[in-house]
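Quick notes on the structure that follows.
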Amino acid sequence: MRPDTPATPAETDRANHVAEAERLERTAAMYPEDAEHLLLQAAAHYELAEARDRATTLYDGLLSAEAPQSPALIRALKAANLWEYGHEAEAQAIITGIRTAAPRDPAPWVIVAESLEAHDELEQAHETFTEALDLLVPSSERESGVPLPKHPLLLGRHRVRRMLGVEHDAWDALADQANRTPVSLDELHDPKRTWALGSENPAELQAEISRIRAELGSYREALSRPFPVAVLHWPSPEYTELLSAYPTLTSEYPSYEAHLSSTEASLRELTASGTANVGIVTGTVPSYEAFAASEGSSPEDVSLLPQYATTLAARGRAVAWPPAAGAGCWCGSGNAYASCHGDAA
């Protein structure tokens, strides 16, 4: 493009996304403890800028790092990105690997299923959504209510089944329960809706606008809390180090057993009060000291503890609670959650 030729809005948008991605990369280099979260955001901006090769480079770098925090999520994002710029065979191979590995986090399943759906592999998308629900949603949750992080699996499967033209089943009934919009899922996921957008009938167009507004409302609600309400947990070694360095915190943590009991009780109280997105963040003494310094305060200030928990959650460090059926307890005891802190007795 000649220097005197003005940039188009699309070119400006792409340039802005690249600039933001490069800023996030620089920030990640300064804060290695948050690098994975920041670099995933950077990769998303590269994808929006159509710089998909640069996004793939970031995904490869994260996967080659020692012990990535969310390897299945990174692989899923990489597969979806590769497929978008012509690397279908490699993307399909990664997706097959993810399905075989059967991760316990719903996010990778949603990403690969939606990627299959976007490329008209509807049967495979349906199989992927169903595999994830069978694996991640135990019978107890089917009866008491599927947790919010797993709702995209239900809604995505319902959408694909509408496109396949198959009858409702038990999972679809749960999807209807998870729907929080005033418009039914059968309407929202009606394949004929795409034709309505080309209609010259004002009534049809107005009805479609109402449906789209309902969808946007549900998306805004989901984004209104982009990270869980988190409760802070200190592993035993960190707990000992924390109180050795800052003994005044014994007022908050009189004993390790009391800390574990209080953590579980807080999580249960949040859920009972109607908070849908609840998680646990794990503290470390160096990280907490750095946070206190950034706030210009002392680590002995008890009021910093909930702020520290919120900051960790905002950085993507929260783990959803309660653990999946059969999973180990969050406390690190090595026992199953159901027989440890998940024991109601």
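Keep in mind the model is a prediction, meaning the values are calculated, not measured. Just the heavy atoms: all of them, side chains too, but no hydrogens, waters or symmetry mates, feed the values below.
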Salt bridge or not between [X] and [Y]? Use side-chain N to carboxylate O under 4.0 Å.
X: Arg159; Y: Glu117; result: yes
X: Arg52; Y: Glu50; result: yes
X: Glu127; Y: Arg99; result: yes

How about [X] and [Y]: does a side-chain donor come under 3.5 Å of a side-chain acceptor?
X: Gln41; Y: His37; result: yes
X: Glu241; Y: Tyr246; result: no
X: Thr56; Y: Tyr85; result: yes
X: Trp234; Y: Tyr253; result: yes
X: His168; Y: Asp186; result: yes

Exercise. Please confirm whether the backbone N or O of Ser255 pairs with a side-chain atom of Tyr239, one donor and one acceptor, at under 3.5 Å?
Key: yes
Quiz item: Hey, does the side chain of Gln307 reach the backbone of Ser303 with a donor-acceptor pair shorter than 3.5 angstrom?
Solution: yes
Exercise. Might you work through the side chain to side chain donor-acceptor pair (under 3.5 Å) test for Glu84 and His119, ending with a clear yes or no?
Key: CA-CA 9 Å; Glu84 290 298 325; His119 293 278; 3.1 Å; yes
Quiz item: Stepwise, does the side chain to side chain donor-acceptor pair (under 3.5 Å) test hold for Glu300 with Thr248?
Solution: CA-CA 6 Å; Glu300 294 181 297; Thr248 58; 3.0 Å; yes
Quiz item: Under a 4.5 Å side-chain heavy-atom rule over Ile, Leu, Val, Met, Phe, Trp and Tyr, are Leu40 and Val110 clustered together?
Solution: no
Quiz item: Going from CZ on Arg157 to OG1 on Thr128, what distance comes out if it is rounded to the nearest 0.5 angstrom?
Solution: 11.5 Å
